[in-house]
K.L.:
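I have a structure I would like to understand better, so I am pasting it below and will then ask my questions one at a time.
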There are 2 protein chains.
Amino acid sequence: MTSTEPVQRRTRQRAEIRDAVEASQAFATSQEIHDRLRHSGSTVGLATVYRALQAMAAGGEVDTIRTPDGQVAYRTCTPGHHHHLVCRGCGKTVEIDLPGLESQTRAIAREYGFAEIDHEVEFFGTCADCTAG
Amino acid sequence: MTSTEPVQRRTRQRAEIRDAVEASQAFATSQEIHDRLRHSGSTVGLATVYRALQAMAAGGEVDTIRTPDGQVAYRTCTPGHHHHLVCRGCGKTVEIDLPGLESQTRAIAREYGFAEIDHEVEFFGTCADCTAG
DNA sequence: ATCTTCATGACAATCATTCTCATCGCGTCC
DNA sequence: GGACGCGATGAGAATGATTGTCATGAAGAT
């Protein structure tokens, strides 16, 4: 496993972006992160935010989901495999575990002769606060 | 429950679109359906295909998924709740059942105080044919 | 300090999807 | 068998997220 990946340089921008994602409890899109950074005085470019978040996602540093309307959103999560329960109102996210799903997935793969199965499992709901408000 | 929905008219275009979706075993995007129809001599407009498929999806006549690269794809499926195992290569789709997932979902909702939970659960893999080829 | 190379930022380009609007043609009522 | 009202259509423009381009900047190694 000779990593041919070029080294990721540490830049001011990436640090700012990383901080911004970590500061959020909810999933945020590249555009949202960019907005926040700009509003707090940063000069990062939008393309840079897109590139950095993609790189971080590829490196497993952040999780990604696709919002119901199709946008990609990022969030710093707990390491290890898990799924998400996301509030449609405020975006608040809870990490959840789905015991049994992995083995069911493997069984299904075997049954139908599919290989390299990947799953996309997310839950969207309305949290107590948003239901009340 | 006074249905305020306007009546859906039967038009040549909708019939063509419906036939095209039904003819496909795989999920297909609006653009793909439009291409097929054009190639077989139809004159339907792209916007019409988008509108018709959306309406059919809203009416529960077809299932939709979001492909890994973000496009929306449609397919005529078996009635009743189920999930999909889609081949990344040829798009071949198998409908699968996930016993236990619904009750797990309800339990999770209760635990975290979320309401109106919706789930997005799809599997992507490579089918035997595509692995071989 | 220098040099190599990846990173950045402004902006253009893509691409899926939606909107606009003039026109068409279902479904219906006479 | 018309005439009519209104949803449906189609062409093209508009939108909006994401990606590409390219000249310049600045990490990290020497």
Side-chain angles (χ1 to χ4, degrees), chain A residues 3-21 26-59 61-75 91, chain B residues 2-21 26-59 61-75 86 91:
Chain A
S3 166
T4 44
E5 303 298 311
V7 194
Q8 292 263 3
R9 290 181 182 172
R10 306 168 154 285
T11 65
R12 171 181 56 81
Q13 291 87 338
R14 297 216 172 187
E16 288 177 357
I17 294 166
R18 186 181 311 276
D19 288 349
V21 189
F27 274 91
T29 64
S30 299
Q31 313 237 24
E32 285 166 351
I33 296 290
H34 179 249
D35 279 354
R36 285 183 212 162
L37 289 173
R38 282 304 184 106
H39 284 136
S40 54
S42 170
T43 59
V44 263
L46 181 56
T48 299
V49 177
Y50 269 97
R51 286 182 291 230
L53 287 173
Q54 274 170 195
M56 289 167 67
E61 299 174 61
V62 297
D63 276 13
T64 73
I65 58 169
R66 202 168 268 286
T67 64
D69 67 317
Q71 292 175 240
V72 178
Y74 303 86
R75 179 172 183 269
Chain B
T2 46
S3 166
T4 43
E5 304 297 311
V7 195
Q8 293 261 4
R9 290 182 182 173
R10 308 167 153 284
T11 64
R12 171 181 57 80
Q13 292 86 338
R14 299 217 169 186
E16 289 178 357
I17 293 165
R18 186 180 311 274
D19 288 350
V21 189
F27 273 92
T29 63
S30 299
Q31 311 237 24
E32 285 166 351
I33 296 289
H34 179 248
D35 279 354
R36 286 183 210 160
L37 288 173
R38 282 305 182 106
H39 284 136
S40 55
S42 171
T43 60
V44 263
L46 180 57
T48 300
V49 177
Y50 270 96
R51 286 183 291 232
L53 287 174
Q54 273 171 197
M56 288 166 67
E61 298 174 62
V62 297
D63 276 14
T64 73
I65 57 170
R66 201 168 270 284
T67 64
D69 65 317
Q71 293 174 240
V72 178
Y74 302 87
R75 180 173 184 270
V86 186

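Just so it is clear, the model here is predicted, and its values are computed rather than measured. Here is how names work: the chains are called A, B, and so on, in the same order as the sequence lines, proteins then strands, and each is numbered from 1.
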K.L.:
Can you see which heavy atom on T67(A) is nearest to which on A73(A), and at what distance?
P.N.:
CG2-CB, 4.1 Å
K.L.:
D35(A) versus E32(A): any side-chain heavy-atom pair under 4.5 Å?
P.N.:
no
K.L.:
Rounded to the nearest 0.5 Å, what separation is found between the CD atom of Q54(B) and the CZ atom of R51(B)?
P.N.:
9.5 Å
K.L.:
Can you tell me the distance, in whole Å, between the CG atom of L53(B) and the P atom of dA8(D)?
P.N.:
14 Å
K.L.:
Might you confirm whether atom CZ of R38(A) has over 12 heavy atoms from other residues, nucleotides or ligands at distances under 6.0 Å?
P.N.:
yes
K.L.:
Between R66(B) (CZ) and dC15(C) (C1'), how many Å, whole number?
P.N.:
14 Å
K.L.:
Return the CZ to OG1 distance between R66(B) and T29(B), rounded to the nearest 0.5 Å.
P.N.:
12.5 Å
K.L.:
With the side chain of R14(B) defined as its heavy atoms from C-beta on, choose the nearest nucleotide among dT17(C), dT9(D), dG20(D).
P.N.:
dT9(D)
K.L.:
Any side-chain N or O of Y50(B) below 4.0 angstrom from OP1/OP2 of dT17(C)?
P.N.:
yes
K.L.:
Tell me whether the side-chain N/O atoms of Q13(B) come closer than 4.0 Å to OP1 or OP2 in dA8(D).
P.N.:
no
K.L.:
Of the residues in residues 27-35 of chain A, which ones touch DNA chain D at a heavy-atom distance under 4.0 Å?
P.N.:
Q31(A)
K.L.:
With DNA chain C as reference, determine whether V49(A) or G70(B) sits nearer its 5' end, using the nearest nucleotide of each.
P.N.:
V49(A)
K.L.:
Pairing donors with acceptors under 3.5 angstrom, does anything connect the side chains of T48(B) and Q13(B)?
P.N.:
no
K.L.:
Need the bend value for the helix from dA1(C)-dT30(D) to dC30(C)-dG1(D): angle between end axes, 5 pairs each end, nearest 10°.
P.N.:
30°
K.L.:
Please find the pair of heavy atoms, one from G91(B) and one from A26(B), that lie closest to each other, and give the distance.
P.N.:
O-CB, 3.2 Å
K.L.:
In whole Å, I'd like the distance from the CG atom of D69(A) to the C1' atom of dT18(C).
P.N.:
13 Å
K.L.:
With side chains defined as the heavy atoms from C-beta onward, is the minimum distance between R12(A) and T43(A) less than 4.5 Å?
P.N.:
yes
K.L.:
What is the distance, to the nearest angstrom, from the CG atom on L46(B) to the P atom on dT15(D)?
P.N.:
18 Å
K.L.:
Working to the nearest 0.5 angstrom, can you tell me the gap between E61(A) CD and R14(A) CZ?
P.N.:
9.0 Å
K.L.:
Going 5' to 3' through nucleotides 23-30 of chain C, assign each nucleotide B (protein heavy atom under 4.0 Å from a base atom), S (under 4.0 Å only from sugar-phosphate atoms) or - (no protein heavy atom that close).
P.N.:
--BBS---
K.L.:
Just the rounded figure in Å: distance from C1' of dT17(C) to CD of Q71(A).
P.N.:
13 Å
K.L.:
Return the NE2 to NE2 distance between H39(A) and H34(A), rounded to the nearest 0.5 Å.
P.N.:
10.0 Å
K.L.:
Side-chain N or O of R51(A) less than 4.0 angstrom from OP1 or OP2 on dA7(C)?
P.N.:
no
K.L.:
Is the closest side-chain heavy-atom distance between I33(B) and Y74(B) below 4.5 Å?
P.N.:
no
K.L.:
Below 4.0 angstrom from OP1 or OP2 of dT19(D), is there any side-chain N or O of Q54(A)?
P.N.:
yes
K.L.:
With respect to the phosphate group of dA8(D), does any side-chain polar atom (N or O) of T48(B) fall under 4.0 Å of OP1 or OP2?
P.N.:
no
